[in-house]
Structure formats: structure tokens, C-alpha cells
Amino acid sequence: MQLYASIADIDARYPDQLTLIAANEQTGLRDDARITSGLTDASAEIQAILAARYSAAELAQLDETSLAVLRLYCIDIAFFRIALDFSRCTEAIKERHAAAIKRLEAIAAGKGALTSAISNNSGTPGEADGIGANEVILTAPVRIFTRERLGRI
């Protein structure tokens, strides 16, 4: 499974808080195993939410911008899970977690979108080979009565 964030990402975003939240009770040192577990759980939760709209193959082909967005959400969800594991959850952590889940659900509902790094063969959007899983395809026969044809009658 693809992890959307790493320990280094969390450490870069919340360096002081991570050490306080994820410190082992006996040693006082940061417990990287629990942090990795939180990141794995957060990534699985993100994929489960986005499965309503995106396939696993589409999620594997996201561009850097979309991955950066998912990284932020993964960090907030993982940070919440880590804080719960250590019984050190604060209101700010809960609010960031709730906001991340809400945004992911909005993306899954179609109120936002993630973009792919793989472009279609023709390079123009809307071509048949670039259609996503939840896009509507409309095909119709060629028009019979056009201005040019009616002018000849």
C-alpha cells in the first residue's frame, strides 16, 4: 500500500509536537514504530474514503500537487491517531483531523478533484482514452439537418 506521508514529513511539519506526542512512556524517546503504524492507518483511511470516486490505479498515478494535498491530510489523520495511541490528543489535533476527513469526503463526493500525472495520448481533455471512472460519456449520431444541408433543399 502507498503511504501518503512519512515520518520525515510529520517531523518537518510539527517537529516539537511530534516529539511530545509520540514519546514513549518508559524511555521518553520518540516511538517511530507507532508513528509508522499511524501513517499506515491514515493512508488506508484515505484510500477507503477516496475509493468512492477513484480506483487504486488512479490513486497510484496522482501528480505532485494532488500528492502534496493528500500528504497534508495524511499527516493530520496520522497525528490524530498517534495522539490517541499515547492518550495525548488536544482540541487542535481533533479539529485538524475532522477538517481533513471532511475535505476528503468532499473530494470523494465530487466537490473537489485530484489530478493525475499521466496524460492521455492526444493531450486534449475529454478524449475517450482520458475518461475517469465517474465521468459521463455522451455519444450521438452525426446531425442530419444542419444549416448547410437545409440551404441546399
> Is the side chain of Ser43 donor-acceptor paired with the backbone N or O of Leu39 at a distance under 3.5 Å, no angle test?
Replying inline: yes
> CD1/Ile107 to CG/Leu114 distance, rounded to the nearest 0.5 angstrom?
Replying inline: 4.5 Å
>> I'd like to know if the side chain of Arg88 reaches the main chain of Ile21, judged simply by a donor and an acceptor atom lying under 3.5 Å from each other, with no hydrogens or angles considered.
In response: yes
>> Show, in sequence, the C-alpha distance, side-chain angles and deciding distance for Ile82 and Arg34, and conclude whether the side chain to side chain contact (heavy atoms under 4.5 Å, CB included) test is met.
In response: CA-CA 7 Å; Ile82 295 163; Arg34 285 192 190 172; 5.6 Å; no
> Can you find a heavy atom in the side chain of Asp41 that is under 4.5 Å from one in the side chain of Glu45?
Replying inline: no
>> I want to check something: taking the side chain as every heavy atom from C-beta on, are Arg30 and Asp11 in contact at a cut-off of under 4.5 Å?
In response: yes
>> Tell me the closest heavy-atom pair linking Ala52 and Ala108, and the distance in Å.
In response: CB-CB, 4.3 Å
> Is the shortest heavy-atom distance from the side chain of Thr90 to the side chain of Gln17 under 4.5 Å?
Replying inline: no
> Is there a side-chain contact between Tyr4 and Asp9, using heavy atoms and a 4.5 Å cut-off?
Replying inline: no
> Can you tell me how far OG of Ser37 sits from CG of Asp32, rounded to the nearest 0.5 angstrom?
Replying inline: 12.0 Å
> Do the side chains of Tyr73 and Ile49 get nearer than 4.5 Å, heavy atoms only?
Replying inline: no
> When rounded to the nearest 0.5 angstrom, what distance separates CG in Leu67 from SG in Cys74?
Replying inline: 11.0 Å
>> Given the ring of Tyr14, does Arg96 sit roughly above its face, with NZ or CZ under 6.0 Å from the centre of the six-membered ring and within 45° of the axis?
In response: yes
> Thinking salt bridges, do Glu91 and Lys94 make one under a 4.0 Å N-O criterion?
Replying inline: yes
>> Check for me, please, whether Ile35 and Leu29 land in the same ILVMFWY cluster - side-chain distances under 4.5 Å, paths through other members count.
In response: no
>> Is there a side-chain contact between Gln47 and Gln2 in this structure, where contact means two heavy atoms from C-beta onward sitting under 4.5 Å apart?
In response: yes
> Any idea which heavy atoms bring Leu62 and Ser66 closest together, and the distance?
Replying inline: CB-CB, 4.1 Å
>> Are the side chains of His97 and Ile77 in contact, using a 4.5 Å heavy-atom criterion?
In response: yes
> Between Cys89 and Ile93, what is the shortest heavy-atom contact and its length?
Replying inline: SG-CG2, 4.1 Å
>> Nearest 0.5 Å, please: how far is CG in Asp76 from CD1 in Ile101?
In response: 9.5 Å
>> If I take atom CZ from residue Arg71 and atom CD from residue Glu64, how far apart are they, to the nearest 0.5 angstrom?
In response: 6.5 Å
> Between OG of Ser55 and CD of Gln61, what distance do you get to the nearest 0.5 Å?
Replying inline: 7.5 Å
